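Structure, as structure tokens:
Since the model is a prediction, treat every value here as computed from it, not as a measurement. Whatever order the structure lists ligands and atoms in, that order sets their numbers, starting from 1. In this chain, residues are counted from 1 in sequence order.
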Amino acid sequence: MNSSLQEYFFVFSGDGGTLGHSELYALLETYGNDFSEVFRRNRFALLRAEKLENMEKVLERGAYVLAGCKHLGNTKLDNMHTVHSIDLSGVLKDIETFRIDCYDFADTRSSVVVEGKLAAIIKKNHPQLEVSMKNPDATFVAVIRGDTISLGYSLAEKARQKWGERRPKTRPFFHAAALFPKFARCLVNLSRTKYGEIFLDPFCGSGTIVMEATLLGLDAIGIDISDELCRGSLQNLKALGLPTYTIVQGDARDIPLSSVGGIAADIPYGKISAGSGLNSRELIEDFFDNACQVLEPNKHVALVHPELVKFSAKGFSIVAQHKIRVHRSLTRVVAEYRRNS
Ligand SMILES: C[S@@+](CC[C@H](N)C(=O)[O-])C[C@H]1O[C@@H](n2cnc3c(N)ncnc32)[C@H](O)[C@@H]1O
């Protein structure tokens, strides 16, 4: 391994499956980070990079990522004293208080014991340190994976997310095809839109994706062919209490915009969200033809569509595809596309 390279690990909530990893990698890319994946297992990923930047933003924006850490080393579940061999000097400078957060991916039910033992061992070696659960100077993250514990130094605190407060049934305007906010946030991130760029959802329905993008502080625009849904979106956005939001009634096949930074959308399917009378394949292909004018080369589209709908996205390359379960019996494909240069 090149000596200037560091190891980092990330922990995911798991409900996004492979979307969680893709979302993180999209965010790291958005913030100009160069990295390689060493390995991933379900809710854990180990990466290598010279330095990861803007981790506060990456963790704040991410829907499925729970923690991001500099990897300090590994210890054994049955012999945690090997933690002594991990050099903590670099991270303990100027630190008076710390906390340990444990994730138990091996289902050992020993998180509390691990947190306590590791804290006691660290304190024994560094008696000046105090444990503080609230606002500590440093947070260590311990991940139990099989008989190994990976120990990391948290790069940023992740604020508690209030997804439940924005679920479809709590909004002033309800639409049966509305997405859940956590999933919608992930789609925004997969579009790799940067601050200062325009984010677009050209099939915005009741506005879930636009709401998440607006909450992130992006310049978000929603378009829908239905006047009723445009009004509904506006009601839902107004309820967020944010100063600016834009919803335009229009057709996703003829978008009056250029230089958009990224697009994410949940395409119409079935009777509930049809709207333009075209079948889904024709509609998506027409949308991609138009998206070539709307997006600059190398910009991204994240699209949710039914598995059965086959289409070609002319002018775009596929970056990744995920099969996901939206509701109990509803499976969808989430596909990431990059506009060809
Ligand atoms: C699956 S719904 C989007 C639901 C939305 N993500 C939400 O959370 O509420 C798809 C939307 O596409 C709209 N639509 C259908 N054809 C369209 C077109 N040609 N241009 C723009 N919007 C269209 C429908 O009116 C519908 O609201």
Side-chain angles (χ1 to χ4, degrees), residues 19 63 163-191 193 199-216 218 220-240 245-257 260 262-291 293-295 301-309 311 313 324-327 330-335:
L19 269 180
W163 305 117
E165 291 178 9
R166 302 198 293 283
R167 66 186 191 279
K169 284 200 171 150
T170 64
R171 300 179 203 156
F173 179 83
F174 175 76
H175 181 37
L179 297 177
F180 282 88
K182 192 172 187 181
F183 179 53
R185 167 80 66 90
C186 170
L187 295 174
V188 175
N189 290 330
L190 290 178
S191 80
T193 310
F199 166 83
L200 174 69
D201 176 356
F203 299 99
C204 73
S206 61
T208 320
I209 302 176
V210 185
M211 285 164 73
E212 291 307 311
T214 306
L215 282 166
L216 288 177
L218 295 171
I221 300 180
I223 294 179
D224 202 285
I225 206 155
S226 151
D227 178 50
E228 186 200 346
L229 286 160
C230 287
R231 286 174 198 279
S233 270
L234 285 170
Q235 264 178 275
N236 288 341
L237 279 150
K238 189 173 175 200
L240 293 178
Y245 41 87
T246 310
I247 298 292
V248 181
Q249 187 182 6
D251 193 324
R253 295 165 297 162
D254 186 16
I255 300 166
L257 293 169
V260 166
I263 294 179
D266 172 24
I267 64 120
Y269 46 87
K271 284 191 189 130
I272 218 155
S273 54
S276 50
L278 291 175
N279 71 40
S280 298
R281 182 182 62 77
E282 283 175 310
L283 180 61
I284 301 175
E285 290 186 350
D286 287 355
F287 154 69
F288 271 111
D289 277 348
N290 184 227
Q293 323 301 318
V294 174
L295 285 177
V301 176
L303 213 64
V304 188
H305 65 84
E307 207 182 350
L308 287 174
V309 180
F311 56 88
I324 51 124
R325 190 162 287 182
V326 179
H327 305 301
L330 189 68
T331 309
R332 291 271 175 264
V333 172
V334 177

Hey, is ligand 1 close enough to Ile209 that some N/O pair sits below 3.5 Å? no

Can you list the steps and then say if Arg171 with Thr208 is a side chain to side chain donor-acceptor pair (under 3.5 Å)? CA-CA 10 Å; Arg171 300 179 203 156; Thr208 320; 2.9 Å; yes

Within the 4.0 Å heavy-atom cut-off, what Leu229 brings close to ligand 1 is side chain

Test item: Ser233 side-chain N/O and Gly207 main-chain N/O as donor-acceptor pair under 3.5 Å: yes

Is there a heavy atom of Ala265 sitting under 4.0 angstrom from any atom of ligand 1? no

So for Ile267 against ligand 1, with non-hydrogen atoms under 4.0 Å, the contacting part is backbone

One finds that the ligand 1 atoms under 4.0 Å from a non-hydrogen atom of Ala178 are 7 (C), 8 (O), 9 (O)

Using the side chain to side chain contact (heavy atoms under 4.5 Å, CB included) definition, which of the options Val301, Ile263, Leu218, Val248 pairs with Leu200? Ile263

Does Tyr269 have Arg332 sitting over its ring (NZ/CZ under 6.0 Å from centre, angle to axis within 45°)? yes

Can you tell me how far apart CD (Glu282) and CZ (Arg253) are? Round to the nearest 0.5 Å. 9.0 Å

Atoms of ligand 1, numbered as shown, that sit under 4.0 Å from any heavy atom of Thr208: 7 (C), 8 (O), 9 (O)

Is there a nitrogen or oxygen of Tyr269 sitting under 3.5 Å from a nitrogen or oxygen of ligand 1? no

Ligand 1 to Ser206 polar contact by distance, N or O atoms, under 3.5 Å: yes

Report yes if Leu179 has an N/O atom closer than 3.5 Å to an N/O atom of ligand 1; otherwise report no. yes

Are any side-chain N or O atoms of Arg166 and backbone N or O atoms of Trp163, one a donor and one an acceptor, separated by less than 3.5 Å? no

Is there any N or O on Arg171 that sits under 3.5 Å from an N or O of ligand 1? no

If you count the atoms of ligand 1 from 1 in the order shown, which ones are under 4.0 Å from a heavy atom of Gly250? 20 (N), 21 (C)

Answer yes or no: is there a donor N or O on one side and an acceptor on the other, between the side chain of Gln249 and the main chain of Ile225, under 3.5 Å? yes

Show which atoms of ligand 1 fall inside a sub-4.0 Å distance from at least one heavy-atom site of Pro202. 21 (C), 22 (N)

Closest to atom 12 (O) of ligand 1 by heavy-atom distance, out of Phe183, Phe203, Phe180, is Phe203

Identify the heavy atoms of Asp266 and Ala177 that sit nearest to each other, and give their distance. OD2-O, 3.8 Å

Indicate the ring-plane relationship of Phe288 and Phe311, choosing parallel, tilted or perpendicular according to the 30° and 60° boundaries. parallel

Heteroatom proximity flag, Asp251 to ligand 1, N/O under 3.5 Å: yes

Donor-acceptor under 3.5 Å (Asp224 side chain, Leu229 main chain): no

Number the atoms of ligand 1 from 1 as they appear, then name those within less than 4.0 Å of a heavy atom of Ala177, with their elements. 4 (C)

Is it the side chain (CB and beyond), the backbone, both or neither of Ala184 that lies under 4.0 Å from ligand 1, heavy atoms counted? neither

